[in-house]
Each structure stands twice: as structure tokens, then as C-alpha cells.
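Labels below follow one simple rule: chain letters A, B, ... track the order of the sequence lines, proteins then strands, and each chain is numbered from 1. For clarity, every value in this text was computed on a predicted model and none was experimentally measured.
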Amino acid sequence: MKLVVTEKNDAAQKIADLLGVKKPKADKVYNTPVYRFEVDGEEWVTIGLRGHILEPDFTPSMVYKKRGGWRGVTADGEVVPASLPDSLPKPPFKKKKPFTEDGVELKAWKMDALPYLVYAPIEKLPKEKDIIRSLKNLAKKADSIVIATDFDREGELIGSDALSCIQEVNATAPVSRARYSAFTKEEIHHAFDNLVELDGALAAAGASRQDIDLIWGAVLTRYLTLVKFAGYGNVRSSGRVQTPTLALIVARERERLAFKPEDYWVIRGAFDAGAAAGPTDGQGPGAFEAPTATARFKSQAEADAIMAQVSGVKSAIVASVEKKKRTVAAPVPFNTTSLMAAASAEGLTPARTMRIAESLYMDGYISYPRVDNTVYPASLSLEDTVRAISGNPAYAPYCAELLSRGKLVATRGKKETTDHPPIYPTAAATPDDLSPADYKLYNLIARRFLATLSEAAVVEGTKVSLDVAGASFVAKGDVLVKPGFRAIYPYGLKKDESLPAMEQGQAVAFNGATCTKKQTEPPARYSQGRLIQEMEKLGLGTKSTRHSIIERLYQVKYVQNDPLEPSQLGMAVCDALEKFAPHIVHPEMTAELESEMDAIAAGSISKDQVVTTSRNLLSEQLADLMPHSEEVNAALADAVAADAYVGPCPKCGKDLQLRASQKTRSMFIGCAGWPDCDVTYPLPQGRVEAVPEKCSTCGMPQVKVTAFRSKPRTLCIDPNCPTNQEPSIVVGECPVCKANGKHASLIAQKNPRTLKRFIRCENYEECDTGYPLPQYGALEATGEVCEDCGAPLVIVHTNRGPWKLCPNFDCPSKEKEAAAKSSAKKKPRKAPARKKAAAK
DNA sequence: GCAAGGTC
């Protein structure tokens, strides 16, 4: 039996489809899908891994962990290099009695262990135990092995890890490597007819990346977390990619903070080509506005002079009319980065975009979403793809027109790789088939695909110079004269601004001018889409990881909001590392690693040499960092306090801070003077941030609360503030009391301690009838009663619109609803159209 | 309780 190992299940299936003469048989080995088929009488099996199946970590016996914690480095085994820098603290093992914890002899403990952790041995531990079991089970029966993971460095490493698992149970079967860069019949057959050897040097290059990332990441993350320990779950991370990314955001914020806004003045005139002299009502089709030819006046005196010059003037002369046509090229095919950038502009975060794209791909609506390539391969039939998506009525006329033109030609991007095609739609979908967010992304991808087959748009720009008593004004207008791709791709465009027709020398009405004082703006913060593009430019992360790196920065509270804004903590971490361990802060570390990996792959240097050099460098930087721990501690403490600060305590004047309850992890506001001062305020569920603005009603501090899947709200922290009062409204009659022959009203109220809104029976001393309510949104009684349980129906005005619901959680209608929801979501996905893929 | 890289 020949065993073929691929990087993912999808690839295993495709390869089986392309190589098998007859349709492969889908089977399972311990829950892992495999595909069996025959080639020339020989039995073949393909199995897909799930990316990396092994993961490097410090050798468990060398690093003493308790409860998964970071306790110390054990004394057994030599993990210390010949000489540690002199400036490092002396570890406790110098004591006469060996330093022990739970009977384990330790070389060093917590912070003091870090210099040793730098040199702690690393081994590969199983990560995907189920897959490994399946792989080994098949490997035992295999006569030969083909490693057919992706054709790149990580693919070589994944294949090499798989091989080490295989060879534990079958060391004799011959091994070869298939290299392919597209799932076409020709390419796959060519790869399997021309098998090569696994490139151990390339795999070693990847493994060096893994080790270096682990060592730097673990050592610096532990340093930052332990230097000012803030309780479990309060990790302050650092890494080769995330820290330079954070530094980009911090640098932009520093520019903004250093920015000195300057005043300037702008003058806009009101004109009307419908008359030769004003004033006119300014409402007719000839009315338009135009700024002065000098866009910004640096001083008020200059602006005042112009205002005086045009004051009382009734008419302007058209000094010139210039028309220029310019073409706007059709966009190039989507790769991961450009998709995330475009979706980011439409309000989908990169992380969400990738989640949705992954599911659209799995359901057969789009092609593989993790690509760098921006050139459609020749093997992709553009015509077939257009036909495939024309099932959506919104695209159908445009698709028909494209097809009527004969052979289609697509635009080409700058990046051309052959691993996967750029992202394109593989089947038709309509808004009925997908959830709104899924369709939003699908629609973007489908329209982008059609746009790449379209002609350029032609825009006619008109520039009209107007003379108002010697002062010159300039009106500009853009009109789309040939829509080209814009007919199908309306994303990221300015609205047309057309001007009335005018001729040189013509007099038009002047209805006066307004002068406005403005200020220059600091450079804008990064949007997530822009940041991803910047990361790509600097070589930080990969197409598959960049979005998760940004999410990580949010998770550890280094950044907040979108566009991205660093927290005080984020800035403090960045500053401390820049000062004492600058290497981790700069993207050059990645660039250097890349060139060293090239050297490992070329065989000119060993993995050991590269990792040891990196360890020595980290050791030096750590030696700089450790003696300054008090300084770093103070800086982080100040930053954390600043991020938590919400305002002064009304009782004692000390700081009110956002805090997390020790027991429940839930957030509340407490006074820094605790236990002397017991002032606390409850907080609703969700992510909470302090905001500088005070409540306009009562003057107390406010917080921004972002509940799960809803828009942020700014709330006053005082539950007794009028803005937090919930009118106690009667929503209906208590069904339980009614059944007992009594009459009692059900009342909606808010608990001032927990801020939870609920419905209860007014006769609550005897009747415990109560229902929960959504926390937000104006509440309305309907007078209607739920058919299934008799509870009153209410309407909650959410930010997605009014929502009529039965508040009873135990109502039988809930189950029906849940069932309807899941089938509504799944049904259209159940019969995904077959991927057109690259079949010629 | 660490990173970043695959993939689900």
C-alpha cells in the first residue's frame, strides 16, 4: 500500500480524485478521513493532516511546571550554557542545600529561571494526537510513503514531522516527496511521476523559526508577566511578530501626540449658474459650491481680506473651463491581504473576514482563501466561473454581457505565485442562501471577480475657475462617462459630483461666501485593514496569521478600538522593550531570520548555529532587562492604573478603577482606597473601557460597554443617574396568578445592583413568576400573549431594529425557534454546488 | 498562564 500524506483533508481528497482511475472510496481511520483508490493495481491511501501535528516546547523534565505554571528550571540535565553574562542574578542553587520545590531540585525559580529558560532544551511534542494515531496506523501497513504537503517551507516542515511519526512505526518503507503547486490533473500527475526527496534542510529552516519564536516569546512574555504580576489570566505577551506590530500602532500614536494642530481658514462660495447675478434661492439645478483657489489660508487676516473683497458681490465670471478624461483601471484579483483590506473598509474585521471566508470555502462558494497570488492561472476557466455565478440574478445581466464579448481577459496583480489561484467565487449564492455577513463577503468576492474581467472606468473631471471681483474660486466635478468595472463593483468609491454646464466668459450668480476656521489633523490611526497591509510590507506574519496577531493585541489589552489605538499598557510594554530589548521590537528581526533560514535551506549554516546565535542575543537583551525590573515594574503599574482609571471617587476622592472580581472574573468599578473606602459600582456584561467624557446629566464618569455582538454604548457609572433609570412598565398579566384565580400585573424593572433587567409579578411576595429580559433597548408592551406559554409578548428595540419576543426562557416556542434557526442556516449550505476548481 | 505557523 502506498501512503500519501497531505497537509489538509481537502488536499487528500483532491489528490485522490485526480490520481484515481475510479472514484476513490472515502473511509475513516480513527475518525480521520482517508481516501482509498487504485493505481495500476496498487492500493493507494491519502490522508490529510491538520497543518502542524507536532509542536515544539521546552523539554518537560527540564522546565519545572506546576499546574501548567511557570515555576522554574530543574537542575537535572545541563541546560546552562558555558557562561551566562555576569550581570545576571545569581540563582538560588548556589545555596549549600539544593533548592527544591515538591522534592524537585531546581536550578532557578520564576524570574531567576528566565536566563536558563533561554537555553532550555526543546523537543517536539504531539499536538494532533488523533491524527498521529491514524497516521501511524496506516504507516504500519504502508510499503512506500509519499509526502505531499504544501510546496513551501512550512509544508516541508509539516511533512518532515509527519515522517518522524511514521518512522517510529515503519522505518523501512521508502519515502519520497511530491511537489505540486496547483490541483490540476497535469500538475498532480507530473508531481507523482517526478517524485523527489524530502528537503531536510528546508524543514530545518522552518524548525529554526519555530524554536526561535518559542524561546523569545516564552522568555519575554514570562518576563513581562512576572515583573508586575497582576493575577492569573493577566498575560502580557511579546513575540517576534506581535511586538513589532504593536510598535507600529504605538509609533503612530506618538506621532499623533506630538502633532501640533495649526489653525487655518477655508472659504467656500455659493454659486448659481441658473442666473447671471444673485442672489438666487440656491436650490435650482444650477446651484453649486466652490472653495477658493487658495484652499487654506494660514492667517485669519488673509481670509478676512478675501471675504471683504467678495462681500456684496452679486456675480462671478467663469474664467476657464477645463475638462480632462482619466481612466481608472479595473482592480486586480483578490489575495488574502487585499480581501481583508477591502472587507475592512466594509466594516468586517480581518479576523471575521477570515472566519467567514473559511466557511464559504468549506461550503464550496469561494476558492481557497489563504493565498498570496494575484494572477489567475491559465488553468482557471474564467468563462465557466462567470457562468457559475450568473445564477445570482443581481449578477446575471452583467455576466451575460461579459460572456457576449468572447474571450475574457483578466487584470493581473503584481504578486504571482502558483500555489493557489487568487480568491474567486466557485458557485452562485444569493442573499437567501447565506447569513447577511456571509453574503456581504461573498458579494464582495463575486463582484471583485467580475470587476477583474471588466474594462477600465472613464471619469471626466471638470475644473471651472471663477472670478469673483478678482478673487478666484475653483469648482471641481467628476462624472463617470464610461462605467466599465464600476457598473458591478461599487466599493470604495467617492460619489460623483457633477457641475452644471458652464462656458468661459459666462456670468453666474454669486450668493456670497462663508469662512470657516479649521485645524490641521494629525496622521490617522491604522484601521485593521491598513495595518495588515503595513505588516505585509514589512514581512511581519503571514497571510494566515496576521489577523490573529491583531486579535491577540486586543486580547492582552495592548490596543483598543478600531481604528487601532494603543492602551497605556501597550505603550509602556513597547517603551520598556525598546529600551532594554530592542531586538524584539523591530521588524528587522524577522528580516534577519528570513535570510538565515535561506542560509539553512541552502546548507551554508546549520539550524543549531542559527538558534544558538539567537539564544545568545536574547540572553544579552535579557541581561539588560533584568537589572531594570523595578523601573519596568513601575512603568507597567502606572500604565495599568491609567487604563483602569474611570474618575475620582465621590466619597474619598481617590481613583475609581475598573476591576475584575477575584471570584467571578466579572468586572466592576471599585475605589483605589479600598478597604478604607467601600465605594463600588456594578457594570453590565461585556467589554468595558473608561472614557474621558463625564455624564452630561449628573457629571459622574462614564464607561464604554461593548456587549457580545452589539455596538458599543456609553453609560454613566451611577445606577441612580436618571439616564440609567428604567421606567417600570406593566407588560401584561401574570399567567400563574391568573390560573390561581387572582389578578396581578407583570412589571419590567432593572435591578440597580446587578443592572439586569427582568420581568416580575407585582405580587412577588407570594408569586415567584419572573422572566429575564435583554439588557439593552427600549422596551414596549404589546398587550399580546404568547400562544405557547401564556407569558406576555414584549418588543425590544435593539440596534438591529424592533424584536418581538416571548421573555419566558422555558417556553416551548424557544425550542421550535432554535430548531428553525439552525435549519435555516444549514439548509442552503447543505447542497453546496461542486467547486469548479481548476479543472480544465 | 508563553510565540507563530499550519489548519478546522
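Contacts of Thr542(A) with the nucleic acid, taken as non-hydrogen atoms under 4.0 Å apart, involve only primed sugar atoms and P, OP1 or OP2. Using a 4.0 Å heavy-atom distance criterion, Lys543(A) is classed as making no nucleic acid contact. Using a 4.0 Å heavy-atom criterion, one finds that Glu358(A) contacts the sugar-phosphate atoms exclusively. No engagement by Tyr223(A) is indicated, since no non-hydrogen atom pair under 4.0 Å with the nucleic acid exists. Base engagement by Gly51(A) is indicated by at least one non-hydrogen atom pair under 4.0 Å involving a base atom. Residue contacts shown for Arg222(A) include a base, since a base heavy atom lies under 4.0 Å away. Nucleic acid contact for Glu55(A): base, since at least one base atom lies under 4.0 Å from a heavy atom of the residue. Among the protein residues, Arg209(A) comes within range of the nucleic acid bases, having at least one heavy atom under 4.0 Å from a base atom. When heavy atoms are screened at a 4.0 angstrom cut-off, Leu49(A) is found touching no nucleic acid atom at all. Note on Ser238(A): only backbone sugar-phosphate atoms sit closer than 4.0 angstrom, heavy atoms only; bases stay farther off. Using a 4.0 Å heavy-atom criterion, one finds that Pro56(A) contacts the bases of the nucleic acid, with or without backbone contacts as well. Residue Ser544(A) is classed as a base contact, given a heavy-atom separation below 4.0 Å to a base. Within the nucleic acid shown, Glu7(A) comes within 4.0 Å of sugar-phosphate atoms alone, with no base atom in reach, counting heavy atoms only.
Residues Arg236(A) and Thr225(A) approach most closely at N-OG1, 3.1 Å, considering heavy atoms. Considering all non-hydrogen atoms of both residues, Lys607(A) and Asp211(A) come closest at NZ-OD2, 3.0 Å. Minimum heavy-atom separation, Leu248(A) to Tyr526(A): O-CE1, 3.5 Å.
Looking at which nucleotide of DNA chain B each of Asp150(A) and Val235(A) is closest to, the 5′-most match is held by Val235(A). Both Arg71(A) and Gly541(A) lie near DNA chain B, and the one whose nearest nucleotide falls closer to the 5' end is Arg71(A).
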Derivation and outcome, side chain to side chain donor-acceptor pair (under 3.5 Å), residues Gln609(A) and Ser606(A): CA-CA 5 Å; Gln609(A) 282 174 285; Ser606(A) 75; 3.2 Å; yes
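Side-chain contact between Gln13(A) and Thr46(A) is absent, with no heavy atoms from C-beta onward closer than 4.5 Å. The shortest distance between side-chain heavy atoms of Met597(A) and Ser208(A) falls below 4.5 Å.
Each of Leu622(A), Leu220(A), Val73(A) was compared with Leu114(A) under the side-chain contact (heavy atoms from CB on, under 4.5 Å) criterion, and only Leu622(A) meets it. Remark: of the listed residues Val559(A), Leu553(A), Leu564(A), Leu553(A) is the sole one forming a side-chain contact (heavy atoms from CB on, under 4.5 Å) with Thr245(A).
Aromatic pair Tyr361(A)/Tyr368(A): centroids less than 6.0 angstrom apart.
Across residues 575-587 of chain A, not one residue has a non-hydrogen atom less than 4.0 Å from an atom of DNA chain B.
With a heavy-atom cut-off of 4.0 Å to chain A, the contacted part of DNA chain B has its first and last nucleotide at dG1(B) to dC8(B).
A donor-acceptor pair is defined here as one N or O able to donate and one able to accept, closer than 3.5 Å; such a pair exists between the side chain of Arg177(A) and the backbone of Thr149(A).
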